[in-house]
Amino acid sequence: MALTGRAALLAALGSLPVGLLEPSWTGLLAVNGTIGLACAVDYALAAPVRTLRLARSGDTSVRLGETADVHLTVTNPGTRPLRARVRDAWPPSSWTPGTEAAASRHEVTVPAGERRRLTTRLRPTRRGDRRADRVTIRSYGPLGLLARQGSHTVPWTVRVLPPFTSRKHLPSRLARLRELDGRTSVLTRGEGTEFDSLRDYVPGDDTRSIDWRATARRPKVAVRTWRPERDRHILICLDTGRTSAGRVGDAPRLDSAMDAALLLAALATRAGDRVDLLAHDRRTRALVQGRASADVLPAFVNAMAGLEPELVETDSRHLVSTILRSAPRRSLVVLLTSLDAAPVEEVLLPLLPRLTQRHTVVLASVADPHIASMAASRGSVDAVYEAAAATQTQSQRHRTADQLSRHGVHVVDATPDTLAPTLADTYLSLKAAGRL
């Protein structure tokens with residue numbers, strides 16, 4: 001039976017004359033010469049690395065928290081078989097901590113003239129574009145003593161999209177939307193609604209909806225039903241300035257704001273409204289306009305994928321000017337920003353009349369649930385001080401919200417888990433009341 005690898009080398013050493021194995025200079029030189037010759041032969045028989053052909057395929061996008069498979073095809077055009085270890089390098093945020101070594105390193109054997117496909121499974125921990133780094137290949141000879149090593153650059157990009165965890169709330173809000181749309185219950189009348197149909201009066205209906213002319217021609221009292229107007233314009237504005245970088249729980253405020261924006265966009269497009277996106281701090285970071293209903297969500301998630309909080313103060317004056325340019329006609333403007341007293345009272349409040357005289361404005365903010373738990377804590381001196389600080393913070397937010405309400409702004413202040421559904425409910429309430 002033929003021996004391979006290190007076993008062949010040991011057999012070769014065992015076949016040397018006994019005298020050569022004795023501790024003498026002659027014996028040592030002979031042994032070293034044999035080992036050197038074996039290493040040289042082993043290196044010569046290793047398949048060359050630089051002539052290999054590499055290509056990629058697989059996933060180009062993935063939602064945060066899910067996995068993406070990227071395939072690396074290794075083609076060996078040479079005459080010697082390839083026995084190699086391959087490291088497919090990606091940025092550290094492409095894997096959950098501790099899993100990079102197992103996911104990026106492969107062992108492969110490619111006979112001469114053939115190819116093999118390796119799969120690297122990514123599980124990114126951050127949004128944005130993840131670009132492949134070098135592919136390092138270490139090619140071994142049949143004895144495994146020496147190896148050739150080289151690197152190839154094989155470009156590939158995987159875009160990590162927002163997770164859109166609030167989509168679980170979409171079915172219940174669509175059911176409410178169908179109710180507003182007249183498919184399962186009576187519609188309400190408002191300044192932003194249009195006539196739909198007539199039906200018989202039932203106790204509890206608003207008498208102002210009675211159509212007296214139609215009643216005169218029918219044996220029963222007739223009332224009008226009203227349908228919320230469609231094709232309204234909604235502009236969702238993400239504040240990507242300094243305050244959006246504050247972490248609430250395990251994620252920045254910006255991530256919760258994006259999740260709420262996605263749920264609102266999905267709901268509004270189903271309602272037949274036009275939805276645009278603006279991300280801004282001192283300059284415009286993303287702008288999505290004029291997309292068809294089917295393209296709104298893909299465009300939103302692609303635009304949001306690369307957004308990161310900028311550690312600068314938001315230029316509210318420039319933001320308001322950009323909103324007015326992006327929404328020249330009456331629209332629903334949803335501003336996802338901070339409810340902190342200083343930036344709102346000192347900068348935003350003086351600019352609000354420019355928005356509210358033309359648009360319906362909703363300001364949505366991410367509240368920290370830890371503040372509520374601090375306000376309820378007791379039992380020690382430290383806990384009492386924490387409760388006092390939390391109560392003061394809550395009072396400031398309530399005062400700021402009241403000031404915004406007096407300027408005609410609808411305020412949504414909710415924790416990360418409830419911000420998206422609460423904002424969707426606010427949109428439905430405005431639509432039902434004909435305020436859009």
Side-chain angles (χ1 to χ4, degrees), residues 127 162 231-246 252-262 264-265 268-269 273-292 295-340 342-366 400 403-404 407-412 419 423 426-427 430 435-436:
R127 288 180 292 101
D231 199 32
R232 314 306 286 176
H233 181 229
I234 300 171
L235 178 61
I236 302 175
C237 306
L238 291 173
D239 181 357
T240 56
R242 174 185 59 82
T243 56
S244 67
R253 283 187 168 92
L254 180 60
D255 286 22
S256 300
M258 289 192 298
D259 195 49
L262 289 175
L264 178 58
T269 53
D273 292 332
R274 295 173 290 112
V275 189
D276 295 337
L277 174 70
L278 170 66
H280 191 92
D281 40 72
R282 287 187 177 175
R283 62 181 180 87
T284 298
R285 303 289 177 177
L287 181 62
V288 179
Q289 286 182 308
R291 299 302 179 95
D295 299 331
V296 167
L297 274 184
F300 272 37
V301 295
N302 273 293
M304 292 177 180
L307 287 179
E308 294 293 341
E310 300 292 332
L311 299 182
V312 296
E313 291 291 343
T314 299
D315 187 346
S316 297
R317 190 176 300 277
H318 190 199
L319 173 60
V320 170
S321 299
T322 305
I323 291 174
L324 293 175
R325 287 197 306 269
S326 303
R329 298 181 180 179
R330 183 167 183 82
S331 308
L332 172 63
V333 176
V334 180
L335 182 57
L336 288 147
T337 184
S338 168
L339 201 58
D340 293 344
V344 172
E345 296 177 1
E346 297 175 7
V347 183
L348 187 58
L349 277 178
L351 302 172
L352 280 179
R354 297 177 59 191
L355 286 179
T356 54
Q357 67 183 2
R358 184 188 301 182
H359 304 300
T360 301
V361 181
V362 174
L363 188 145
S365 180
V366 182
T400 304
Q403 290 179 326
L404 290 168
H407 282 75
V409 177
H410 304 270
V411 179
V412 176
L419 179 66
L423 181 58
T426 302
Y427 163 76
L430 292 172
R435 300 292 301 277
L436 300 187

Take D273 and Y427 through the test side chain to side chain contact (heavy atoms under 4.5 Å, CB included) and record every step on the way to the result. CA-CA 11 Å; D273 292 332; Y427 163 76; 2.5 Å; yes
Rounded at 0.5 Å granularity, tell me how far CZ in R358 sits from CD1 in I323. 11.0 Å
So that I can tick it off, tell me whether D255 and R127 are bridged by a salt bridge, with the cut-off set at under 4.0 angstrom between side-chain N and carboxylate O. yes
Please give me the minimum heavy-atom distance between A299 and R291, naming the atom from each residue. CB-NH1, 3.3 Å
Ignoring hydrogens, what is the shortest heavy-atom contact between A364 and L419? Give both atom names and the distance. CB-CD1, 4.1 Å
Atom CD of E308 and atom CG of L254: how far apart are they, to the nearest 0.5 Å? 7.5 Å
Compare every heavy atom of L262 with every heavy atom of V301, then report the nearest pair and how far apart it is. CG1-CD2, 3.7 Å
Value for CG (D276) from CD1 (I234), rounded to nearest 0.5 Å, stands at 9.5 Å
Run Q403 and E345 through side chain to side chain contact (heavy atoms under 4.5 Å, CB included) and show every step you take. CA-CA 8 Å; Q403 290 179 326; E345 296 177 1; 3.0 Å; yes
Which heavy atom of A257 sits nearest a heavy atom of L336, and at what distance? O-CD1, 3.6 Å
Under a 3.5 Å cutoff, is there a donor and acceptor pairing between the side chains of T360 and R330? yes
Are the side chains of H407 and L349 in touch, meaning some heavy atoms are under 4.5 Å apart? yes
What I'd like to find out is whether the side chain of E310 reaches to under 4.5 Å of the side chain of R282, using heavy atoms alone. no
Quick one: does any side-chain atom of D239 pair with a main-chain N or O of G241 as donor and acceptor, under 3.5 Å? yes
Is a side-chain N or O of H359 found less than 3.5 angstrom from the main chain of L235, in a donor-acceptor match? no
Any idea which heavy atoms bring V344 and S338 closest together, and the distance? CG2-O, 3.4 Å
So how far is it from R317 CZ to L351 CG, rounded to the nearest 0.5 Å? 5.0 Å
CD/Q289 to CG/L277 distance, rounded to the nearest 0.5 angstrom? 9.5 Å
Taking all non-hydrogen atoms of both residues into account, name the closest pair between P350 and V347 and its distance. CD-O, 3.3 Å
For the CZ atom on R242, are there more than 12 heavy atoms of other groups (residues, nucleotides or ligands in this structure) within a distance under 6.0 Å? no
With a 4.5 Å limit on heavy-atom distance, are the side chains of V334 and L264 in contact? yes
Please test L238 against L307 for side chain to side chain contact (heavy atoms under 4.5 Å, CB included), starting from the C-alpha separation and ending with a verdict. CA-CA 10 Å; L238 291 173; L307 287 179; 4.1 Å; yes
For the side chain of T240 and the backbone of P309, is there at least one donor-acceptor N/O pair under 3.5 Å apart? no
State the CG-CG distance between L348 and L355, to the nearest 0.5 angstrom. 7.5 Å
Beyond-backbone contact of T314 with T337, side-chain heavy atoms, under 4.5 angstrom: no
May I have the step-by-step check of side chain to side chain contact (heavy atoms under 4.5 Å, CB included) for R253 and S365, ending in yes or no? CA-CA 9 Å; R253 283 187 168 92; S365 180; 5.7 Å; no
Result of checking L430, L335, L404 against V362 for side chain to side chain contact (heavy atoms under 4.5 Å, CB included): L430
Are the side chains of H280 and C237 in touch, meaning some heavy atoms are under 4.5 Å apart? no
